[in-house]
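Written out below as structure tokens is the structure these notes cover.
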Amino acid sequence: MSKSQQPLMSEITPQTEDFSRWYLDVVRKAELADYSPVKGCMVIRPYGYAIWELIQQQLDKRFKDTGHVNAYFPLFIPESLIMREAAHVEGFAPQVAWVTRGGDEELEERLVVRPTSEAIIGTMYAKWIQSWRDLPVLINQWANVVRWEKVTRPFLRTTEFLWQEGHTAHETEAEAEEETLKMLGVYKEFAENVLAMPVLDGQKSSSEKFAGASRTYSIEALMGDGRALQAGTSHNLGQNFARAFEIRFQGRDKALQYAWTTSWGVSTRLIGGVIMAHGDDSGLILPPKIAPYQVVIVPIQRGNWQETVLPKAKAVQADLQSLGVRVFLDAREEFTPGWKFAEWEMRGVPLRLEIGPKDIEKGQVVLARRDTREKMPTPLAELQPRVTSLLDEIQQALLARAIKFREEHTSSSATWDEFTTAMEGRPGYVVARWCGRDVCEAEIKSETQATIRNLPFQQVPGGVCVHCGQPAVTDARFAKSY
RNA sequence: CGGGGCGUGGCUCAGCCUGGUAGAGCACUCGGUUCGGGACCGAGGGGUCGAAGGUUCAAAUCCUUUCGCCCCGACCA
């Protein structure tokens, strides 16, 4: 290993030593988030929040492009409303926070802090929807939600988290299903093209379905330790919530009928996914499309650098900014270049631009890629197109690398023996035949820790279940998960 | 919620067993020399030892309670 390839962040636990500790080190050292005085709740620091804002912008555009509009619904949900959908309450009951007092008065009706907003939104939809002409309703909300979690981890699972939840109502079952799959597709495209995180899209098994949904679909991403992360879900709620909240409309045939609703969401968990999908022992590696700084300029401070190097660095910064590149010029005098290299590498900046007296003599700068650590002297005349194409290359390379990793960590098992062997260590996905029964799935989980992440869309029956030997109804993708 | 570990300047930790003036490295402030992969010298500032109660002449140290965090298992974006 050459010197330039050695990890420099000795303050970060190596991934192979303890992946979970590595993750926490990166979150803290890169200043993405910090623990707060509130149990299970983290503070998203400016650098982490900037990533979230970039995720929001790019997702929001996709929602608007598919015909959705944003709105905002209340944080509190009256107890009576959340009780309406039986499966829904049962699913969320252990996780809700209650408000029982306002000021010094006991509330007549308790309020839950929303763990998700189907109940309150469904109630409003019932008022707004009268006729088939009112459909579809395509609303998204960016919000915080609260779920009383027993075990929390920054970004991956916190008591309060930020997300978006789309809630739509449709005239027909087919339309609702189309919407559910369309938004899953948006998530997949976004995860792969923006987060450079390849995902498997498919259907959740009935035991992992959203509380109250008819069908749940998910995208699943593979993390660097071989465990899978549910990165987004899209639910076809059938008429379950429409019946519970009386979302009814008069159809084209004049008959009164229940609407077909969907909901879909992704959260700040995506940031955790990006960290664990791309990061290495030196820290974070951010895909350019969500990097708060895509390029960091490190001037070499030698001699009268303020008169020579700094103006050039500022000119380069302006040139790149004019292309829409997010650039930070790190002209702090209290740190040496070497320190800054390590620091910005740890914080995942895709491209570093070094500029010193020697470069100015030669009319060039030195570019360094975060993903490959390759250093490239680049003539100033070629800088603009070079930076643009490099950012694009890095974006592509991260996706390609992650796809390769997933391929190397995907296997299939025909027998239970193969399955248990395959599940040892850090296996990634194991594809196997499955009988479709909850009990069998539960047994597999208790014996191997592996769960069904999702089922491929094409469910082809035949053969026998890898675990119980009964007739199989489909392939299933198993993995240990977060 | 069970099992384990840890709470001492901002961070990582030593000190605790065997009670007796709170320490180190890094970070921070100031001055100077440096600067192409985490520079160096000098001088400084900063901690009611997670919290509460108890034992004691005396508690970071012993006892009790409590809170938080981390790891491993049962539930979840």
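In the text below, chain A, chain B and the rest are named by the order of the sequence lines, each starting its count at 1.
Comparing B:rA74 with B:rA59, their P atoms are spaced 46 Å from each other, to the whole Å. For the C1' atom pair drawn from B:rG5 and B:rC13, the interatomic distance equals 15 Å after rounding to whole Å. Nucleotides B:rA77 and B:rA39 are separated by 46 Å at their C1' atoms, to the nearest Å. B:rA24 sits 11 Å from B:rG15 when the C1' atoms are compared, rounded to a whole Å. Nucleotides B:rA27 and B:rG68 are separated by 34 Å at their P atoms, to the nearest Å. On the P atoms, B:rG25 is 39 Å away from B:rU66, given to the nearest whole Å.
Using modelled atom types, no side-chain atom of A:T158 and backbone atom of A:F155 make a donor-acceptor pair closer than 3.5 Å.
The shortest distance between the side-chain N/O atoms of A:T336 and the OP1/OP2 oxygens of B:rC35 is not below 4.0 Å. Phosphate proximity of B:rC71 to A:S20: present, with a side-chain N or O under 4.0 Å from OP1 or OP2. For B:rA77, the OP1/OP2 oxygens have a side-chain nitrogen or oxygen of A:Q230 closer than 4.0 Å. Of the side-chain N and O atoms in A:Q449, one or more sit less than 4.0 angstrom from OP1 or OP2 of B:rG73. Distances shorter than 4.0 Å separate none of the side-chain N or O atoms of A:R153 from OP1 or OP2 on B:rC69.
Across all strands shown, B:rG2 pairs with B:rC72; the Watson-Crick or G-U wobble distances both stay below 3.5 Å. Pair assignment for B:rC49 gives none, since no Watson-Crick or G-U wobble pairing has each distance under 3.5 Å. In this structure, B:rC28 forms a base pair with B:rG44, meeting either the Watson-Crick or the G-U wobble geometry with both donor-acceptor distances under 3.5 Å. With both pairing distances under 3.5 Å, B:rA39 is matched to B:rU33 as a Watson-Crick or G-U wobble pair. B:rU21 is unpaired under the Watson-Crick or G-U wobble criterion, no partner having all donor-acceptor distances under 3.5 Å. With a 3.5 Å ceiling on both atom-pair distances, B:rA59 lacks any Watson-Crick or G-U wobble partner. Across every strand in view, B:rG7 sits in a pair with B:rC67 that passes the Watson-Crick or G-U test at under 3.5 angstrom.
When ring centroids are compared, A:Y217 and A:Y187 stay outside the 6.0 Å threshold. Separation of the A:Y47 and A:W52 ring centroids does not fall under the 6.0 Å cut-off.
Side chain of A:K39, nearest nucleotide from B:rC71, B:rC35, B:rG68: B:rG68.
Annotation: the span from A:L24 atom CG to A:I275 atom CD1 amounts to 9.5 Å, rounded to 0.5 Å.
Counting non-hydrogen atoms of neighbouring residues, nucleotides and ligands closer than 6.0 angstrom, the CD atom of A:Q306 exceeds 12 such neighbours.
Between the side-chain ring of A:W163 and the base of B:rA77, no stacking contact exists by the 5.5 Å and 30° definition.
Judged by distance alone, with hydrogens and angles left aside, A:R157 brings a side-chain donor or acceptor within reach of the base of B:rC76, the pair sitting under 3.5 Å.
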